[in-house]
K.L.:
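This is the structure I want to talk about, given as structure tokens.
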Amino acid sequence: MKIAFIGLGNMGGGMAPNLVKAGHEVRAFDLSEAALAHAREGGCATVGSIGEAVEGAEAVVSMLPNGAIVKDVYANHVIGHAPENAILIDCSTIDVATAREVEKLAAEAGYEMVDAPVSGGITAAAAGTLTFMVGGSELAFIRAEAVLKTMGKAVIHAGGAGEGQAAKICNNMVLGIHMIGTCEGFAMAQRLGLDPQVFYDIASVSSGQSWSVTSYCPVPGVGPKTPADNDYQGGFATALMLKDLKLAMEAAQTAGIDPQMGRRAKELYEAFDAAGNGGLDFSAIIRTL
Ligand code: NAD
């Protein structure tokens, strides 16, 4: 299949070579020369513009920083330039409203399009083990799935346009709240004289159990190996958690609800990020408690 790939950063740079490995012909574009060089090493053909990348493409995949860029790329460079029968797949994490707006523009021009944000970070992107949450029609999902399954371990149809983004931000809002709660639990247990390993052993098989407790424990030396064991380097950056919590609060406002725990999690990560910790794994927030 001829696939155009736009946005070859931390995530896209790992994903595009997996399409090549699966036998697809990938024409890739990024604004950064370093990203293009990396994509060439991964077997992608690189081109000088989005127009060249999408020429004759059967699928277009994008992995871009934010909604404004996604809208610009699709409205001005993909829609009307890619063949009308190309399936358009945006894997970026963006706000639900913009995802729906871009998908509407695409549909009006005769394209099938899905929003397909991912769970899993840079390591999963390179290993081809991402989880994709897909919003779009049944037909668009089936077409997108054929492309996405070569880059991930799971491809799930979340619902109509924008529902992939909705699933992603609701999941990450739960994660942000859970992580802060987990950090508070471990910090308090320690103050009360409880050995963190003992608290881990108990909470992991009790009703306090969650992914943050059991699989991503924020305390160094406790549970499986996590960024906590590496001085909170790598993993899921605080700045990215904050981005997702901001998107969640925007979506909540649009939906006319006020998720108080989500709002508080956003405030706490905002303060942690502003104190210069944006590059640390999000579990490092335990240091503030
Ligand atoms: P990144 O900044 O490393 O990569 C984005 C790339 O897009 C850059 O190489 C940039 O040059 C390129 N770009 C920007 N504008 C462009 C344009 N107009 N045309 C072509 N290329 C353009 O970001 P990333 O970490 O790869 O994240 C990408 C998306 O994935 C984001 O929406 C992010 O929220 C989401 N995400 C990231 C992670 C993670 O762990 N990094 C995990 C899940 C989801």
Side-chain angles (χ1 to χ4, degrees), residues 4-18 26-42 44 46-54 60-79 81-82 89-96 98-99 102 115-134 148 151-154 164-165 167-173 175-176 216 227 232-248 250-251 269 273 278-283:
F5 204 110
I6 306 159
L8 306 155
N10 289 322
M11 295 295 288
M15 293 160 71
N18 287 326
V26 178
R27 259 192 288 175
F29 176 73
D30 194 290
L31 297 174
S32 142
E33 190 42 54
L36 290 172
H38 183 252
R40 277 193 293 275
E41 282 167 25
C44 303
T46 58
V47 292
S49 69
I50 298 174
E52 279 175 77
V54 303
V60 177
V61 181
S62 55
M63 195 51 165
L64 295 161
N66 60 50
I69 293 175
V70 168
K71 189 173 163 192
D72 172 58
V73 162
Y74 279 90
N76 300 320
H77 304 280
V78 176
I79 295 170
H81 298 270
I89 306 170
D90 179 41
C91 297
S92 327
T93 301
I94 67 169
D95 60 290
V96 176
T98 301
V102 174
D115 49 295
V118 306
S119 173
I122 300 166
T123 312
T129 55
L130 294 166
T131 293
F132 292 91
M133 309 160 207
V134 185
L148 296 175
M151 298 186 287
K153 64 172 182 305
Q165 299 295 352
K168 163 86 187 179
I169 56 168
C170 291
N171 179 74
N172 280 18
M173 184 177 82
L175 175 62
Y216 211 85
Y232 302 97
Q233 302 299 316
F236 183 41
T238 291
L240 287 176
M241 172 49 88
L242 180 58
K243 172 190 169 180
D244 292 353
L245 287 169
K246 284 181 176 167
L247 290 174
E250 271 173 47
Y269 274 111
D273 179 70
L280 291 181
D281 181 73
F282 79 120
S283 65

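Indexing begins at 1, ligand by ligand and atom by atom, following the structure's order.
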K.L.:
Considering D90, L8, L64, which one's heavy-atom position lies nearest to atom 22 (C) of ligand 1?
P.N.:
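The option holding the nearest heavy atom is L64.
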K.L.:
Just jot down the ligand 1 atoms closer than 4.0 angstrom to any heavy atom of S92, in number order.
P.N.:
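So the atoms of ligand 1 that pass are 32 (O).
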K.L.:
Given 3.5 Å as the limit, does a donor-acceptor pair link the side chain of N10 with the main chain of I122, or not?
P.N.:
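Absent.
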K.L.:
Can you say whether the rings of F236 and F282 are parallel (under 30°), tilted (30 to 60°) or perpendicular (over 60°)?
P.N.:
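Ring orientation, 0 to 90° scale: perpendicular.
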K.L.:
Looking at I6, which atoms of ligand 1 are within less than 4.0 Å of one of its heavy atoms?
P.N.:
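Those of ligand 1 that fall under 4.0 Å from I6 are 20 (C).
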K.L.:
Between D115 (side chain only) and G164 (backbone N and O only), is there a donor and an acceptor less than 3.5 Å apart?
P.N.:
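Yes; judged by distance alone, with no hydrogens or angles, the pair exists.
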K.L.:
So is A125 touching ligand 1 or not, going by heavy atoms under 4.0 Å?
P.N.:
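The answer is no, since A125 has no heavy atom less than 4.0 Å from ligand 1.
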K.L.:
Just need the protein heavy atom nearest to atom 30 (O) of ligand 1, so name the residue and atom and give the distance.
P.N.:
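Ranked first by proximity to atom 30 (O) of ligand 1 is M63 CE, 3.1 Å.
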K.L.:
Got the closest protein heavy atom to atom 18 (N) of ligand 1, with its distance?
P.N.:
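Looking only at protein heavy atoms, the one closest to atom 18 (N) of ligand 1 is V73 CG2, 3.7 Å.
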K.L.:
Taking distance alone, with no angle check, do K168 and ligand 1 share an N/O pair under 3.5 Å?
P.N.:
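N/O-N/O distance below 3.5 Å does not exist for this pair.
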K.L.:
Between I69 and ligand 1, is there a nitrogen or oxygen pair with a distance under 3.5 Å?
P.N.:
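No, I69 has no N/O under 3.5 Å of an N/O on ligand 1.
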K.L.:
Roughly how far, to the nearest 0.5 Å, is OH of Y74 from CD1 of I79?
P.N.:
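Output value for this atom pair is 8.5 Å.
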K.L.:
Tell me: protein heavy atom nearest atom 41 (N) of ligand 1, and distance?
P.N.:
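Of the protein heavy atoms, L240 CD1, 3.4 Å lies nearest.
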K.L.:
Kindly confirm or rule out an N or O of K243 lying under 3.5 angstrom from an N or O of ligand 1.
P.N.:
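Yes; at least one N/O pair falls below 3.5 Å.
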K.L.:
Going by salt bridge (charged side-chain N to carboxylate O under 4.0 Å, His left out), name the residues that satisfy it together with K243, two or more places apart in sequence or in a different chain.
P.N.:
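Salt bridge (charged side-chain N to carboxylate O under 4.0 Å, His left out) check on K243 returns nothing, list empty.
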K.L.:
Going by the atom numbers of ligand 1, which of them fall below 4.0 Å from some non-hydrogen atom of F29?
P.N.:
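The list of qualifying atoms is 19 (N), 20 (C).
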K.L.:
Checking the side chain of Q165 only, and the main-chain atoms of S92 only, is there a donor and an acceptor separated by less than 3.5 Å?
P.N.:
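Looks like yes, one N/O pair under 3.5 Å.
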K.L.:
Could an N or O of ligand 1 be found under 3.5 Å from any N or O of T93, whether backbone or side chain?
P.N.:
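N/O-N/O distance below 3.5 Å exists for this pair.
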K.L.:
Identify the closest protein heavy atom to atom 42 (C) of ligand 1: which residue and atom is it, and at what distance?
P.N.:
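Of every protein heavy atom, G120 O, 3.5 Å lies nearest to atom 42 (C) of ligand 1.
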K.L.:
Could you check which of L130, N66, L31 puts a non-hydrogen atom nearest to atom 21 (N) of ligand 1?
P.N.:
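Among L130, N66, L31, the closest heavy atom to atom 21 (N) of ligand 1 belongs to L31.
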K.L.:
If you apply the rule side chain to side chain contact (heavy atoms under 4.5 Å, CB included), what do you find for D244 with K168, and how did you get there?
P.N.:
CA-CA 8 Å; D244 292 353; K168 163 86 187 179; 3.7 Å; yes
K.L.:
Students should be able to answer this: which protein heavy-atom is nearest to atom 8 (C) of ligand 1, and at what distance?
P.N.:
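In this structure, atom 8 (C) of ligand 1 has D30 OD2, 3.5 Å as its nearest protein heavy atom.
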K.L.:
Which residue and non-hydrogen atom of the protein lie closest to atom 14 (C) of ligand 1, and at what distance in Å?
P.N.:
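That would be P65 CD, 3.8 Å.
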K.L.:
Kindly give the heavy-atom pair with the smallest separation between T131 and K153, and that separation in Å.
P.N.:
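Closest heavy-atom pair between T131 and K153: OG1-NZ, 3.7 Å.
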K.L.:
For atom 37 (C) of ligand 1, what's the nearest protein heavy atom and its distance?
P.N.:
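The closest one turns out to be M11 CG, 3.5 Å.
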K.L.:
Which salt bridge (Lys or Arg N to Asp or Glu O under 4.0 Å) pairs, counting each pair once, include a residue from residues 65-77, with sequence neighbours left out?
P.N.:
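As it turns out, the salt bridge (Lys or Arg N to Asp or Glu O under 4.0 Å) pairs with a partner in residues 65-77, which skip direct neighbours, are K71-E101.
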K.L.:
Polar contacts were defined as any N/O atom of the residue lying under 3.5 Å from an N/O atom of the ligand; does this apply to N10 and ligand 1?
P.N.:
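So ligand 1 has an N or O lying under 3.5 Å from an N or O of N10.
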K.L.:
Which of the atoms in ligand 1, numbered in the order shown and given with their element, are less than 4.0 Å from a heavy-atom of V118?
P.N.:
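Close to V118: 43 (C), 44 (C).
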K.L.:
Decide whether an N or O pair under 3.5 Å exists between I50 and ligand 1.
P.N.:
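No, I50 has no N/O under 3.5 Å of an N/O on ligand 1.
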K.L.:
Could you tell me the residue and atom name of the protein heavy atom closest to atom 4 (O) of ligand 1, and the distance to it rounded to 0.1 Å?
P.N.:
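Heavy-atom neighbour on the protein nearest atom 4 (O) of ligand 1: G9 CA, 3.2 Å.
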K.L.:
Which pair of heavy atoms, one from V118 and one from M63, lies closest together, and at what distance?
P.N.:
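Reported closest heavy-atom pair: CG2-CE, 3.9 Å.
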K.L.:
Looking at G121, which atoms of ligand 1 are within less than 4.0 Å of one of its heavy atoms?
P.N.:
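Result: 40 (O).
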